Amino acid sequence: CRSWNQYNLKALEPAWTDVEVAIKMLQTTNVYMLAGLIAYDRKDLPTAILRFDRSFELDVTNCDAVWMAGLVHVDQEAWPPASPKFARAMSCFSNAAAQAKSDLAALDAEVKRRGGSLEPPGREQRQRTKLTRDMELAAERSAQSAFNAAPGFARMGQKPLALAHVQMAIAHPRMKEKGDALKAAIEKMP
């Protein structure tokens, strides 16, 4: 898509014109996601949120769309809509990690059923590598989403919900240190 190429070249105005035309012809999660990214880079934050929200409505497995909508709300310091979106992203990424784990188990079962690796050579390892990477990334993004949700819930006076989310973040090793610090700060709140 020409709009994607222009976006990658940081030609934002031509990319925006093309993506708006694309939306009229092809209303898919990917087109709305690209429109959200372009709008965000153009600093048109209300439009970016609308496009990311529509992308997620069209495909509730597009975790990046709801994540990005949450980030835009944070940029606007709009905590009430940001935290629930990060909570949805947390669940979405958690589901994606579970799906990748399930797909990995199915791959193992298929290899076992066949009595050896899949044809053509290297196919099994490529699939295994991709699924493992997808599972690990989704688990980390789920923890990051939980971490991002917590301060907003705390700012809204929902301390128990904030602590529950930070606890989920702490469960991931890469988020433990930051999560422990955030937990301590939230616990000191009235």
Side-chain angles (χ1 to χ4, degrees), residues 4 7-8 28-41 45 47-108 125-156 158 160-186:
W4 181 254
Y7 172 68
N8 283 325
T28 67
T29 189
N30 292 335
V31 171
Y32 276 98
M33 183 72 185
L34 177 59
L37 292 170
I38 296 167
Y40 183 73
D41 283 0
L45 302 185
T47 301
I49 291 169
L50 291 172
R51 297 303 189 262
F52 290 135
D53 286 348
R54 183 65 180 137
S55 179
F56 187 67
E57 287 170 9
L58 290 170
D59 179 4
V60 295
T61 66
N62 185 347
C63 307
D64 290 325
V66 70
W67 163 274
M68 286 300 301
L71 288 178
V72 177
H73 286 302
V74 167
D75 284 356
Q76 296 175 319
E77 297 183 13
W79 310 116
S83 290
K85 286 186 181 176
F86 283 125
R88 278 193 292 280
M90 178 194 70
S91 295
C92 184
F93 284 119
S94 180
N95 290 339
Q99 183 62 55
K101 184 177 182 178
S102 174
D103 291 347
L104 195 54
L107 176 64
D108 289 339
Q125 187 55 46
R126 283 191 303 277
Q127 286 179 323
R128 187 173 307 287
T129 299
K130 181 189 181 312
L131 290 169
T132 300
R133 185 179 64 242
D134 290 350
M135 183 175 59
E136 291 170 354
L137 180 60
E140 184 175 352
R141 293 292 299 277
S142 179
Q144 289 171 338
S145 297
F147 181 86
N148 288 352
F153 285 130
R155 281 185 175 103
M156 292 185 298
Q158 298 179 7
L161 196 53
L163 288 170
H165 279 80
V166 80
Q167 199 61 44
M168 289 181 248
I170 289 169
H172 192 281
R174 289 197 176 163
M175 298 302 298
K176 178 143 180 47
E177 187 176 328
K178 286 172 54 176
D180 284 339
L182 179 59
K183 181 179 179 184
I186 292 172

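Being a predicted model, the structure only gives us computed values, none of them experimental.
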Enquirer: Might you point out which heavy atoms bring S83 and A149 nearest each other, and give the distance in Å?
Expert: OG-O, 2.9 Å
Enquirer: Is there a donor-acceptor contact under 3.5 Å linking the side chains of E136 and T132?
Expert: no
Enquirer: For the residue pair N148 and Q144, confirm or rule out a side-chain donor-acceptor distance under 3.5 Å.
Expert: no
Enquirer: Please state whether the rings of F153 and H165 are parallel, tilted or perpendicular, taking 30° and 60° as the class boundaries.
Expert: tilted
Enquirer: For P84 and P80, which heavy atoms make the closest approach, and how far apart are they?
Expert: CD-O, 2.9 Å
Enquirer: Any donor and acceptor pair, going by atom type alone, linking the side chain of S145 with main-chain N or O of A87 inside 3.5 Å?
Expert: no
Enquirer: Which atom pair, heavy atoms only, marks the closest approach of G36 to A48?
Expert: O-CB, 3.6 Å
Enquirer: Hey, are Y32 and N62 close enough side-chain-wise for a donor-acceptor pair under 3.5 Å?
Expert: no
Enquirer: Taking all non-hydrogen atoms of both residues, which atom of F86 and which atom of L71 are closest, and how far apart?
Expert: CZ-N, 3.5 Å
Enquirer: Measure across A150 and A162 and return the closest heavy-atom pair with its distance rounded to 0.1 Å.
Expert: O-CB, 3.2 Å
Enquirer: Please confirm whether the backbone N or O of A98 pairs with a side-chain atom of S102, one donor and one acceptor, at under 3.5 Å?
Expert: no
Enquirer: Applying side-chain contact (heavy atoms from CB on, under 4.5 Å), run through W4 and I38 and close with a yes or a no.
Expert: CA-CA 9 Å; W4 181 254; I38 296 167; over 6 Å; no
Enquirer: Quick one, Q99 with D103, criterion side chain to side chain donor-acceptor pair (under 3.5 Å). Give me CA distance, side-chain angles, the key distance, then yes/no.
Expert: CA-CA 6 Å; Q99 183 62 55; D103 291 347; 2.7 Å; yes
Enquirer: Determine, stepwise, if the pair F52 / V66 fulfils side-chain contact (heavy atoms from CB on, under 4.5 Å).
Expert: CA-CA 6 Å; F52 290 135; V66 70; over 6 Å; no
Enquirer: Using every non-hydrogen atom in the two residues, find where S55 and A65 come nearest and quote the distance to one decimal.
Expert: OG-CB, 3.6 Å
Enquirer: Step by step, work out the side-chain contact (heavy atoms from CB on, under 4.5 Å) result for K130 and Q127.
Expert: CA-CA 5 Å; K130 181 189 181 312; Q127 286 179 323; 5.9 Å; no
